[in-house]
Novice: 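So that we are looking at the same thing, I have put the structure below in structure tokens.
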There are 2 protein chains.
Amino acid sequence: MSETVTAQEGVLRELRVMIASGQLEPGQQVVQDALAASLGVSRVPLREALKVLEGEGQVIYHPHRGYFVANLSVDDLVEVYRIRSILEDEALRVGVPLLTDEDIEYLEDILSDVEAAATSGDVSAVTAANRRFHFALFEASNMPRLVRMIRNQWDATDAYRGVYFAAPANLKAMNAEHRNMIVALRNRDVAESIALQAAHRENSVAVVSQVISKAE
Amino acid sequence: MSETVTAQEGVLRELRVMIASGQLEPGQQVVQDALAASLGVSRVPLREALKVLEGEGQVIYHPHRGYFVANLSVDDLVEVYRIRSILEDEALRVGVPLLTDEDIEYLEDILSDVEAAATSGDVSAVTAANRRFHFALFEASNMPRLVRMIRNQWDATDAYRGVYFAAPANLKAMNAEHRNMIVALRNRDVAESIALQAAHRENSVAVVSQVISKAE
DNA sequence: CACATACTGATTGTATCCAATCTCAAGGAT
DNA sequence: ATCCTTGAGATTGGATACAATCAGTATGTG
């Protein structure tokens with residue numbers, strides 16, 4: 001059961017999915033009346049959800065003209081990933097030394113989920129579990145604001161990342177990286193875990209930048 | 001002339017001032033009906049402005065209970081400043097080598113404003129000019145998203161920083177720091193400028209943490 | 001033909017109204 | 001006395017209605 005306390009909360013989730021899945025295409029105007037109707041709500045909660053997405057950089061707002069799905073340039077992409085780097089580095093620098101053995105076990109459990117999803121070829125399950133893995137790790141930093149900022153950076157490129165996990169070769173590489181990461185975490189090796197996280201990020205940026213430059 | 005295109009834009013500015021000035025106290029509930037009336041608008045644009053502030057961490061939202069002005073704990077404060085550090089370091093690391101001579105002249109002009117305001121004892125003018133100085137410097141990075149994130153961190157502690165510039169000794173110290181910063185920038189000395197910025201931050205965190213721990 | 005102007009439909013911005021939910025106090029049961 | 005229930009008042013959540021603004025087209029003018 002999805003525990004939606006307010007309509008706008010549910011709208012927000014649906015909008016995120018629509019953007020990440022490309023159902024709302026980058027650059028496209030968000031016509032509030034139509035979208036609200038299709039979501040079965042009025043424009044009021046929709047507009048509040050859009051304000052949240054604006055703050056995250058997922059949509060751009062022009063007064064009296066409306067909201068438009070963000071359309072990242074290559075320069076934007078470079079900036080997003082550079083910011084992601086420094087935020088993630090910090091999360092690991094702080095968090096890795098704080099990891100308990102139970103934390104690492106938990107991370108391994110999630111990793112099993114990732115691999116199971118990969119084996120069964122369920123791309124969206126892989127995406128979700130992969131995300132759970134990394135954010136569980138980031139959360140070890142006990143820095144909720146930092147984690148939220150990292151999440152925003154991930155979200156910012158969601159619309160362009162859809163294809164990554166589709167290729168079996170990528171999946172295999174990712175699994176290997178994750179296993180190496182677990183080893184580094186067991187050793188509480190901050191430098192190594194940062195390096196591995198960076199490598200992981202590089203794969204992502206490569207895919208996304210291809211998608212973006214093709215579109216430009 | 002304040003060029004306000006939409007009501008919510010003006011409301012947002014006013015709310016920021018009210019929070020930074022303590023007119024809306026940390027922890028206090030934001031009663032929408034009363035506040036909207038006092039601002040001369042309906043609740044709709046007010047609520048959208050509050051959503052923006054929520055995204056910045058300036059207010060906390062509880063569904064069906066409303067918005068409350070953020071009340072930072074010492075832990076929160078530590079996190080905010082740690083995040084500020086890594087973001088500002090990055091902005092300088094990227095920006096300082098890109099500074100043109102004209103940029104530096106411009107920064108010196110702003111510095112004159114700061115000092116003039118300090119001499120005349122206009123605290124709010126000092127605050128504003130000081131902010132202009134630092135953000136003009138950050139913007140040299142050409143990383144608008146990064147600059148926005150830094151701005152959010154500054155805003156997060158505005159409600160607690162009010163007293164800092166009141167003490168003449170602090171003003172003097174700040175001016176000296178700024179002048180040292182200009183020297184470092186002329187030399188395009190990244191490490192030194194980062195160190196000076198860190199020192200500047202330390203002064204701020206000291207004041208704010210005093211205010212917060214007194215309140216706790 | 002180029003350019004400015006006025007109009008029209010579409011879309012956003014805001015006010016108002018009512019429903020849903022929460023808080024808190026009073027009363028009753030154990 | 002403690003805990004649970006119930007209700008009233010206050011406050012938020014959302015739908016609707018209307019005003020303000022914009023984009024694009026048609027019309028007029030040089």
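Just so it is clear, the values below take in all heavy atoms, side chains as well, and ignore hydrogens, waters and symmetry mates. Chain A is the first sequence line, chain B the second, and so forth, proteins listed ahead of strands; every chain is numbered from 1.
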Novice: Without decimals, in angstroms, what is the distance between Leu46(A) CG and dG13(D) C1'?
Specialist: 15 Å
Novice: Could you check how far NE2 of His62(B) sits from P of dT12(D), rounded to whole Å?
Specialist: 12 Å
Novice: At under 4.0 Å, does any side-chain N or O of Gln29(B) touch on OP1 or OP2 of dT12(D)?
Specialist: yes
Novice: So if I take every side-chain heavy atom of Val44(B) and compare against dG14(D), dT12(D), dT16(C), which nucleotide ends up nearest?
Specialist: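 The listed nucleotide nearest to Val44(B)'s side chain is dT16(C).
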Novice: Tell me whether the NZ or CZ atom of Arg151(A) lies within the 45° cone about the ring axis of Phe135(A) and under 6.0 Å from its centre.
Specialist: yes
Novice: Checking contacts here: which listed nucleotide (dC22(D), dT12(D), dT14(C)) is nearest the side-chain heavy atoms of Arg43(B)?
Specialist: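 The nucleotide sitting nearest to the side chain is dT12(D).
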Novice: Could you state the CD-P distance from Glu9(B) to dT21(D), rounded to the nearest angstrom?
Specialist: 13 Å
Novice: Choosing from dT14(C), dA15(D), dG13(C), which nucleotide comes nearest the side chain of Ser42(B)?
Specialist: dT14(C)
Novice: Assuming nearest nucleotide by heavy-atom distance, tell me which of Val5(B) and Val5(A) is located more 5' along DNA chain D.
Specialist: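 Upstream on the strand: Val5(A).
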Novice: Between Arg93(A) and Glu88(A), does a salt bridge (charged side-chain N to carboxylate O under 4.0 Å, His left out) hold up when you go through it step by step?
Specialist: CA-CA 8 Å; Arg93(A) 196 157 35 232; Glu88(A) 291 181 353; over 6 Å; no
Novice: Expressed as a whole number of angstroms, how long is the span from Glu54(A):CD to dG13(C):C1'?
Specialist: 14 Å
Novice: Output the rounded distance in Å from NZ (Lys51(B)) to P (dG13(C)).
Specialist: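 Taking atom P of dG13(C) as the reference, NZ of Lys51(B) is at 17 Å.
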Novice: Can you tell me which residue among Glu115(A), Glu108(A), His134(A) is in a side-chain hydrogen bond (donor to acceptor under 3.5 Å, both in side chains) with His178(A)?
Specialist: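 Testing each of Glu115(A), Glu108(A), His134(A) against His178(A), the sole residue satisfying side-chain hydrogen bond (donor to acceptor under 3.5 Å, both in side chains) is His134(A).
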Novice: Before accepting this row, confirm whether a basic side-chain N of the pair Arg132(B)/Asp113(B) lies closer than 4.0 Å to the acidic partner's carboxylate O.
Specialist: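 A salt bridge links Arg132(B) with Asp113(B).
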Novice: Base, sugar-phosphate, or nothing for Val30(A), non-hydrogen atoms under 4.0 angstrom?
Specialist: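 If one applies the 4.0 Å heavy-atom cut-off, Val30(A) turns out to touch the sugar-phosphate alone, with no base involved.
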Novice: Scan Tyr61(B) against the nucleic acid and name what it touches under 4.0 Å (heavy atoms): base, sugar-phosphate only, or nothing.
Specialist: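 Since only primed, P, OP1 and OP2 atoms lie under 4.0 Å of Tyr61(B), the category is sugar-phosphate.
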Novice: Is there a side-chain contact between Gln8(A) and the phosphate of dG14(D), meaning an N or O under 4.0 Å from OP1 or OP2?
Specialist: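 It does, given that an N or O in the side chain of Gln8(A) lies less than 4.0 Å from OP1 or OP2 of dG14(D).
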Novice: Measure from the side chain of Arg65(B), starting at C-beta and using heavy atoms only, and say which of dT23(C), dT12(D), dA15(C) lies closest.
Specialist: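 Selected nucleotide: dT23(C).
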Novice: Evaluate Arg201(A) against Ser85(A) for side chain to side chain contact (heavy atoms under 4.5 Å, CB included), listing each step before the verdict.
Specialist: CA-CA 8 Å; Arg201(A) 219 164 33 227; Ser85(A) 301; 3.3 Å; yes
Novice: Let me know the distance between CD of Gln32(A) and C1' of dA17(D), rounded to the nearest Å.
Specialist: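 Taking atom C1' of dA17(D) as the reference, CD of Gln32(A) is at 16 Å.
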Novice: Is there, by distance only and without an angle test, a donor paired with an acceptor across the side chain of Arg47(A) and the base of dG14(D) below 3.5 Å?
Specialist: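 By the distance-only test, no, there is no pair.
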